[in-house]
**Student:** 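Here it is: the structure, laid out below.
The chain is numbered in sequence order, starting from 1.
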Amino acid sequence: MGGDDVDLQEQIRQVYAASAARLVAQMYAMTGDYAEAQDVVQEAFVRALSRPALFREVTNPEAWLRTVSLNVARSRHRRRVLLHGLVRSGRLDPAPSSAPALSADHVALVAALQRLPREARETVVLHHLADLPVSEVALAMGCSVEAVKTRLVRARRALGEHLGDDDRPPPLRASTRTTARTEQEVRHA
């Protein structure tokens, strides 16, 4: 193994230590399934390791990993929709699902996020959990800043209705939280 490979692996280890918990929390809010969130983030890191030349050129590793995680989650969702069609048709038996023990508030928030359209949910997660500015969310989503703002307003309103609180949006900002605190909140919230 060459020195460049060792340096890259160390860089990925450092990015993992700094970003993995945040990415899992964001993907959990996106998918509603903690195990799925862990899997898609892990897949993103595997892809980073399998494409060293590409990863070396990335200017913002966490943003790249988030994009890869989102793409993996979307692909898996499409496959899951096909699988559910097979289950509904009776050609396959449904598999039992598992979920971590979470507080009622956390479960309610994730359930409310799941009721939002995919684009609105992704916008909320990228802005409030990934703490991306509106302009970066627009870039990541491939839409205008105005579209992001509109989605956020509508999503907050819908979340308020789903959560039974029309006066204020749910407390989703994670900007000042440390990785350890975010990780703890995912487990205990």
**Student:** For Arg88, give me all partners under side-chain contact (heavy atoms from CB on, under 4.5 Å), at least two apart in sequence or on another chain.
**Tutor:** His84
**Student:** Between Gln11 and Pro61, is there a side-chain heavy-atom distance shorter than 4.5 Å?
**Tutor:**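 Counting from C-beta outward, Pro61 and Gln11 do come under 4.5 Å.
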**Student:** Between Val58 and Leu49, is there a shared hydrophobic cluster once you connect ILVMFWY residues whose side-chain heavy atoms come closer than 4.5 Å?
**Tutor:** yes
**Student:** Would you give the length of the straight line joining atom CD of Glu122 to atom CE of Met27, rounded to the nearest 0.5 angstrom?
**Tutor:** 8.0 Å
**Student:** Anything under 3.5 Å between a donor and an acceptor, one on a side chain of residues 39-47, the other on a protein residue two or more places apart or in another chain? List them.
**Tutor:**
residue, atom, partner, partner atom, Å
Glu43, OE2, Arg47, NE, 2.9

**Student:** Could you state the interatomic distance from CG (Leu70) to CZ (Arg66), rounded to the nearest 0.5 Å?
**Tutor:**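 With rounding to 0.5 Å, CG (Leu70) is 8.0 Å from CZ (Arg66).
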**Student:** Distance only, no hydrogens: is a donor on one side chain within 3.5 Å (strictly under) of an acceptor on the other, for Arg156 and His128?
**Tutor:**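 Per modelled atom types, Arg156 and His128 side chains form a pair under 3.5 Å.
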**Student:** Is there side-chain contact between Asp33 and Tyr28, with at least one heavy-atom pair below 4.5 Å?
**Tutor:**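 No; the side chains remain at least 4.5 Å from each other.
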**Student:** Table please: side-chain donor-acceptor pairs of residues 107-114 below 3.5 Å, with sequence neighbours left out.
**Tutor:**
residue, atom, partner, partner atom, Å
Gln114, NE2, Ala29, O, 3.3
Gln114, NE2, Met30, O, 3.2

**Student:** Between side-chain atoms of residues 132-152 and protein atoms elsewhere (two or more places apart, or another chain), which donor-acceptor pairs fall under 3.5 Å?
**Tutor:**
residue, atom, partner, partner atom, Å
Ser144, OG, Ala147, N, 3.0
Thr150, OG1, Glu146, O, 2.9
Arg151, NH2, Glu119, OE1, 3.4

**Student:** I'd like to check His77 versus Arg118 (side-chain heavy atoms, cut-off strictly below 4.5 Å). Are they in contact?
**Tutor:**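 No; the side chains remain at least 4.5 Å from each other.
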**Student:** Under 4.0 Å between a side-chain nitrogen and a carboxylate oxygen: does that hold for Arg51 and Glu57?
**Tutor:**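 Result for this pair is no, no salt bridge flagged.
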**Student:** Once you round to the nearest 0.5 Å, how far does CG of Leu65 lie from CG of Leu23?
**Tutor:** 6.0 Å
**Student:** If I take atom CZ from residue Arg76 and atom OG1 from residue Thr31, how far apart are they, to the nearest 0.5 angstrom?
**Tutor:** 9.5 Å
**Student:** Excluding sequence neighbours, so at least two apart, what forms side-chain hydrogen bond (donor to acceptor under 3.5 Å, both in side chains) with Thr59?
**Tutor:**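 With neighbours one apart ignored, the set is empty.
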**Student:** Return the set of residues passing side-chain contact (heavy atoms from CB on, under 4.5 Å) with Gln14 (not counting sequence neighbours), or none when no residue passes.
**Tutor:**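 Partners of Gln14 by the side-chain contact (heavy atoms from CB on, under 4.5 Å) criterion, ordered by chain and then number, come out as Glu10.
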